[in-house]
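To start, the structure under review is shown below, and the notes come after it.
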Amino acid sequence: MTSSAPGARALLRKMRGRRVLVLGDVMLDQFLWGKVTRISPEAPVPVVEIASETFHLGGAANVAANVRALGGEAIVAGIVGDDSAGARVRAALAEAGIGDALRLAAGRPTTVKTRIVAHHQQVVRADREAPGEIDGALERAVLEGVRAALPSAGAVIVSDYHKGVITSAVMKSVMTLARRRGLPVLVDPKVAHFGLYRGVDLVTPNQTEAEQASGVRIRGESDLLAAGEQILRRLRSGAALITRGEHGMALFEPGQRPLQIPTAAREVFDVTGAGDTVIATLGLARCAGAAWPAAARLANLAAGVVVGKVGTATATPEEVMAAADAAAV
């Protein structure tokens, strides 16, 4: 049994209206949808006949969108460029009812990930970005947005896609500001920045990131345990949740036996944004007072919903409850 359905229902109710501050790398996800009927005569590649185009909030903005979809409130801090993609991001945030604490980065483009999808399969992805670290002036501007948002927040999620917003100075300041208010800090990490996350409440590496961060290749249960324990020691964090795709998740807390949670996914169509769903659910559940095991079980259910959809997606409380009921059978 993946989760107690009554327990999931009660936690979802408690999560309603809780507010999370999401700090990190904001992106715009563009999807070009079409079909393939022939191979190009110019090169051995498929020709995709585009039928439609959609845009979705990506990166840290998708984390915030997941918080909203689950019934919570969200405000997002970070940067966008002075361009049409940045304007589209801000319009989408407003439409979704997400608080906008973004700062404008003049001369720097908004990160855009363009995916071409044919017959429910991603054919190629093209990225437009300038991922260098933001400068001191932008760091200060981003932190102004964080300070303004913190009084109404119950947790801080750091969504680090290694696109420049999460610098050493930003991370140190956020940790100090959050600690003053007694707010938990959760991080969806990038291995190159692992040294910045010391002392956070929770970190959520996927299996590849966990292997790189711990130096342990995970081939069996003993390797998984060694990797989780090494991450806890390295970061001195309150918990670590290793997400493992079809193998589910493994939660590690100091002094506790690891909790392994089997996957809740029935069908996997697209893993795009699944990590955003996981950390959004964890942050909102923590706001509602959930212990990490209950939060992780609920996040596992929400991720199972999202990977069953094509494209950047979110999970609603009704969808999560349906998954909980199915898991309880």
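None of the values given here were measured: they were computed from a predicted structure. Positions are given from 1 along the sequence.
Checking side-chain atoms of E209 against main-chain N and O of N206 turns up a donor-acceptor pair under 3.5 Å. In this structure, the side chain of R219 does not engage the main chain of D223 through any donor-acceptor pair within 3.5 Å. With hydrogens and angles disregarded, a donor-acceptor distance shorter than 3.5 Å links the side chain of T110 to the backbone of G86. Between the E319 side chain and the T316 main chain, a donor and an acceptor come within less than 3.5 Å of each other. Remark: side-chain polar atoms of S40 are not paired, donor with acceptor, to backbone N or O of V47 under 3.5 angstrom.
Heavy-atom contacts from other residues, nucleotides or ligands closer than 6.0 Å to CD of E49 number more than 12. No more than 12 heavy-atom neighbours from other residues, nucleotides or ligands sit within 6.0 angstrom of CZ on R236. More than 12 heavy atoms of other residues, nucleotides or ligands shown are found within 6.0 angstrom of CG on D135.
For the residue pair L202 and A240, the shortest heavy atom distance occurs at CD1-N, 3.9 Å. Minimum interatomic distance between P46 and I39 (heavy atoms only, all atoms of both residues): CA-CD1, 3.9 Å. Summarising the geometry of A288 relative to L11, their closest heavy-atom pair is CB-CD1, 4.1 Å, with the distance given to 0.1 Å. Closest approach of V278 and A303 over heavy atoms only: CG2-CB, 3.7 Å. Closest approach of A315 and A302 over heavy atoms only: CB-O, 3.9 Å. In terms of heavy-atom proximity, A210 sits nearest to I218 at CB-CD1, 4.4 Å.
Between F194 and Y197, the ring planes lie perpendicular to each other; the angle is over 60°, past the 30° to 60° tilted range.
Using a 4.5 Å heavy-atom threshold, the side chains of T263 and H247 count as separate. Inter-residue side-chain proximity for L232 and S237 is flagged as met; some heavy-atom pair is nearer than 4.5 Å. Counting heavy atoms from C-beta outward, I116 and W33 have side chains that stay 4.5 Å or more apart. Under the 4.5 Å side-chain criterion, counting only non-hydrogen atoms from C-beta, R297 is in contact with L259. With a 4.5 Å cut-off on side-chain heavy atoms, L21 and I157 do not count as touching. Taking 4.5 Å as the limit, some side-chain heavy atom of V165 sits within range of a side-chain heavy atom of I79. Counting heavy atoms from C-beta outward, V203 and L235 have side chains that approach closer than 4.5 Å. Side-chain contact check for T111 versus D25: every heavy-atom pair is 4.5 Å or farther apart.
Put simply, CE on M321 and CZ on R9 are 3.5 Å apart, with the number rounded to the nearest 0.5 Å. The line from OG1 of T281 to CG of D276 is 10.5 Å long, rounded to the nearest 0.5 Å. A distance of 8.0 Å separates CD of E53 from OG1 of T114, quoted to the nearest 0.5 Å. Distance CG/L284 to CG/L186: 11.0 Å, rounded to 0.5 Å. Rounded to the nearest 0.5 Å, atoms OG (S173) and CZ (R140) are 11.0 Å apart. Annotation: the span from I134 atom CD1 to I166 atom CD1 amounts to 8.0 Å, rounded to 0.5 Å.
Side-chain contact check for Y161 and D188: no donor-acceptor pair (N or O, by modelled atom type) lies under 3.5 Å. Side-chain atoms of T243 and Q207 include no donor-acceptor pair closer than 3.5 Å. With hydrogens and angles left out, the side-chain atoms of R128 and Q30 include a donor and acceptor closer than 3.5 Å. Residues Q230 and S214 bring no donor and acceptor atom of their side chains to less than 3.5 Å of each other.
A salt bridge does not link R115 to D127: none of the charged side-chain nitrogens sits closer than 4.0 Å to a carboxylate oxygen. A salt bridge does not link E73 to R18: none of the charged nitrogens lies less than 4.0 Å from a carboxylate oxygen.
Screening L57, V305, N62, V63 against T314 for a side-chain contact (heavy atoms from CB on, under 4.5 Å) leaves a single residue, N62. The residue from L28, D83, V112 that alone fulfils the side-chain contact (heavy atoms from CB on, under 4.5 Å) condition with V89 is L28.
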Dump the intermediate steps for salt bridge (Lys or Arg N to Asp or Glu O under 4.0 Å) on D201 and R179, then the final yes or no. CA-CA 10 Å; D201 293 86; R179 289 288 174 261; 3.2 Å; yes
Applying side-chain contact (heavy atoms from CB on, under 4.5 Å) to W292 and L241, what does each step give before you reach the verdict? CA-CA 9 Å; W292 290 128; L241 181 71; over 6 Å; no
With side-chain contact (heavy atoms from CB on, under 4.5 Å) as the test, would you mind laying out the steps for R19 and V67 before giving the verdict? CA-CA 8 Å; R19 178 168 289 186; V67 170; over 6 Å; no
Evaluate side-chain contact (heavy atoms from CB on, under 4.5 Å) for V200 paired with M175, printing each intermediate quantity in order. CA-CA 8 Å; V200 301; M175 289 293 292; 3.7 Å; yes
Would you mind writing out the side-chain donor-acceptor pairs for residues 95-109 within the sub-3.5 Å range, not counting sequence neighbours?
| residue | atom | partner | partner atom | Å |
| --- | --- | --- | --- | --- |
| D100 | OD1 | R90 | NH2 | 3.4 |
| D100 | OD1 | L102 | N | 2.8 |
| D100 | OD2 | R90 | NE | 2.9 |
| R103 | NE | A141 | O | 3.2 |
| R103 | NH1 | A101 | O | 3.3 |
| R108 | NE | A130 | O | 3.4 |
| R108 | NH1 | G132 | O | 2.9 |
| R108 | NH2 | A130 | O | 2.9 |
| R108 | NH2 | G132 | O | 2.5 |
| R108 | NH2 | K163 | O | 2.8 |

